Protein chains: 2
Amino acid sequence: MIVILLYLCSINGMIMEKLLKSVKININDKIYVKDPESSDLGRRIIEHSIVMIHDLGFEAFTFKKLGLQIGSNESSVYRYFENKHKLLLYLTSWYWGWLEYQLVFATNSIPKPEDKLASAIRILTRATEVDASFSHINEVLLNKIVINEYSKSYLTKEVDQENKEGYFIIYKRLVNRIREMIQDVNSSYPYPASLASSILEGGLHQYFLMDHFSSMTDCNEKVPPAEFFVDLVFKTLKKDYNG
Amino acid sequence: MIVILLYLCSINGMIMEKLLKSVKININDKIYVKDPESSDLGRRIIEHSIVMIHDLGFEAFTFKKLGLQIGSNESSVYRYFENKHKLLLYLTSWYWGWLEYQLVFATNSIPKPEDKLASAIRILTRATEVDASFSHINEVLLNKIVINEYSKSYLTKEVDQENKEGYFIIYKRLVNRIREMIQDVNSSYPYPASLASSILEGGLHQYFLMDHFSSMTDCNEKVPPAEFFVDLVFKTLKKDYNG
DNA sequence: ACAAATATAATAGTATTACTATCATACTTT
DNA sequence: AAAGTATGATAGTAATACTATTATATTTGT
């Protein structure tokens, strides 16, 4: 499916939105017991878990509370996900997959490596806006969940095992895409992977600081994190960029 | 106490070690119920909680298991800390306070802003080495705990309340010190706070990637994260640094 | 040296979490 | 109409994250 999309280059927002709606984001099927996209109950689990994790925080969120909220049952939720950790992996994988589509869409047609990288940084570090591409998934809330909870999905004792099973593959692919773009701008820069991972991880962190520790960031409503990172990356790569 | 230390500039490692031993790191007393430094049991709680959180991970660590390990009782541990979240805040505050002393010691006597900043970055992003300054605290394990668990101490629903109560003050002061050093090197750089917070947070992250996601970093045994960050910061500040 | 105060240990108990298991029912497909 | 599948309801378990109470040991003041 991604192959088809790669050929569709200069399309406008409305068309992109429709295309995104028709695309199913491919998630490692070991993450779920039963594909939540395969049933109405599954989609309601996804829809309401996003709202509830955002409202309660991941720690206070439970399958029992979710079951109650969607007029269903704790045991029914367990038929879709082994536990809430796996559900978080599902939601964050979906988010990174969705961002990856946006990245590929928006940057594939850009010929100049500098323009492409700048555009990529802006897409990856911008705040998610309301667009409602996927009816049952609120991407704005999901973005906030990723900011507040993503680290918890890999800061575990099981990370190596879960990495082996491919649970973080979409995120790693995304970092790799940025790494390649960095190398296309400056092939002799010695830390392209570290810089790429810093953009993604640091982007989330700067948003968290804006919300809770404003003294530790210069970013705010008027100066978004994207500007900090574009400036940082292009100065680091010693290529001036005026965009 | 820090005032005295500021005057002690060019002293060697042995003396510094002895001084560090005599220094008590000052931690917000709202974090604990009873100061763990005030009793033998308290120090054993700190000592063994570091080992156990490192071994089990924060999620699987409980006060019951800790009590068992130190030949004491769950209920006795609760007399020192309300819960394990507060204990984590205590341990990480201690770590950042300890790092701050090292930073102040090592950089206070350096006159040239560029040298001072480079030295600061190296201290803040280096791997902790065995030095056993504090008898009951294993700083090497504590450093690993900070890498793996620090985010969990602030990625909570209570972060604003706890921030108000001053639980993150040492970390914020540390970020502020780096921010000032950045400004001393280049006063017109527009993102000194964001860059400072990125160094500390990104430093931890690069170590995590080295351990678990090596494809997302260029750092390794031979190229430590410190080199990536020194390079990044000085290129960004457009000041060449040869050190 | 003795009483009082304090710290710790032992035990029990509660509500919640994170599940697993079983059975009933409803809906769907052939 | 029978069989299969999805969901719902209920019950049960072990562990967690505490709180409360009482007993005992240690320290401290006079």
Side-chain angles (χ1 to χ4, degrees), chain A residues 29-49 52-53 55-91 136 149 152-153 155-158 161-162, chain B residues 29-49 52-53 55-91 136 149 152-153 155-158 161-162:
Chain A
D29 59 16
K30 283 182 209 142
I31 290 182
Y32 48 77
V33 181
K34 180 182 171 176
D35 185 359
E37 288 299 327
S38 72
S39 75
D40 182 67
L41 178 62
R43 284 183 294 270
R44 276 191 298 140
I45 287 173
I46 298 306
E47 179 181 354
H48 287 90
S49 66
M52 291 185 79
I53 292 174
D55 285 349
L56 304 173
F58 187 65
E59 281 70 31
F61 167 80
T62 68
F63 280 2
K64 194 173 183 179
K65 291 174 188 168
L66 175 62
L68 209 75
Q69 186 78 17
I70 62 180
S72 175
N73 200 277
E74 198 185 4
S75 61
S76 300
V77 181
Y78 276 103
R79 285 199 197 91
Y80 286 85
F81 294 99
E82 276 178 61
N83 49 52
K84 68 177 180 174
H85 170 70
K86 290 282 182 81
L87 172 58
L88 180 62
L89 285 173
Y90 181 91
L91 294 176
H136 63 296
E149 323 286 359
K152 298 172 193 168
S153 77
L155 294 176
T156 68
K157 279 283 162 188
E158 297 77 33
Q161 180 58 35
E162 295 188 344
Chain B
D29 60 16
K30 282 182 211 143
I31 290 182
Y32 47 75
V33 181
K34 181 181 172 178
D35 185 359
E37 286 300 324
S38 72
S39 76
D40 182 66
L41 179 62
R43 284 183 294 271
R44 276 191 297 137
I45 286 172
I46 299 305
E47 179 182 354
H48 288 89
S49 65
M52 291 185 79
I53 292 173
D55 286 348
L56 304 173
F58 187 64
E59 281 71 32
F61 167 81
T62 70
F63 280 2
K64 195 173 185 181
K65 290 174 188 170
L66 175 63
L68 209 76
Q69 184 79 15
I70 62 181
S72 176
N73 200 278
E74 196 186 4
S75 60
S76 300
V77 181
Y78 276 102
R79 281 202 204 84
Y80 287 83
F81 294 98
E82 276 176 62
N83 48 52
K84 66 176 180 174
H85 170 70
K86 289 280 182 81
L87 172 57
L88 180 62
L89 285 172
Y90 181 90
L91 294 177
H136 63 295
E149 323 286 359
K152 297 171 193 169
S153 77
L155 294 177
T156 67
K157 279 284 162 187
E158 297 78 32
Q161 180 57 33
E162 295 188 345

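A note on names: the letters A, B, ... follow the listed sequences, proteins ahead of strands, and every chain is numbered from 1. The structure presented is a predicted model; accordingly, all values stated were derived computationally and were not measured.
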(message) Between P on D:dA17 and OH on B:Y80, what's the gap in Å once rounded to a whole number?
(response) 21 Å
(message) Measure CG/A:D40 against P/D:dG8 and give the value in whole Å, please.
(response) 10 Å
(request) Nearest whole angstrom, please: distance from the P of C:dC19 to the CZ of A:R79. (result) 16 Å
(message) Ignoring hydrogens and geometry beyond distance, is a side-chain donor-acceptor pair present between B:E59 and A:H85 at under 3.5 Å?
(response) no
(message) Quiz question: by atom type and distance under 3.5 Å, do the side chains of B:Y90 and B:S49 form a donor-acceptor pair?
(response) no
(request) For B:F81 and D:dA17, give me the distance from atom CZ to atom P, rounded to whole Å. (result) 16 Å
(message) Counting only heavy atoms not in B:K64 (residues, nucleotides, ligands), do more than 12 fall under 6.0 Å from its NZ?
(response) no
(message) Measure CG/B:N73 against P/D:dA17 and give the value in whole Å, please.
(response) 16 Å
(request) Using a heavy-atom cut-off of under 4.0 Å over every strand shown, decide if B:K64 touches base, sugar-phosphate, or nothing. (result) nothing
(message) Using only modelled atom types and a 3.5 angstrom limit, is any donor from either the side chain of A:E74 or the base of C:dC19 paired with an acceptor on the other?
(response) yes
(message) Any non-hydrogen side-chain atom of B:D40 less than 4.5 Å from a side-chain atom of B:R43?
(response) yes
(request) Classify the nucleic acid contact of B:T62 as base, sugar-phosphate or nothing, counting any heavy atom under 4.0 Å across all strands shown. (result) sugar-phosphate
(message) I want to verify a distance call: between C:dA10, D:dG8, D:dT7, whose nearest atom is closest to the B:S75 side chain?
(response) C:dA10
(request) For A:Y78, answer base if it contacts any base atom (sugar-phosphate contacts may also be present), sugar-phosphate if it contacts only those atoms, and nothing otherwise; contact means non-hydrogen atoms under 4.0 Å. (result) base
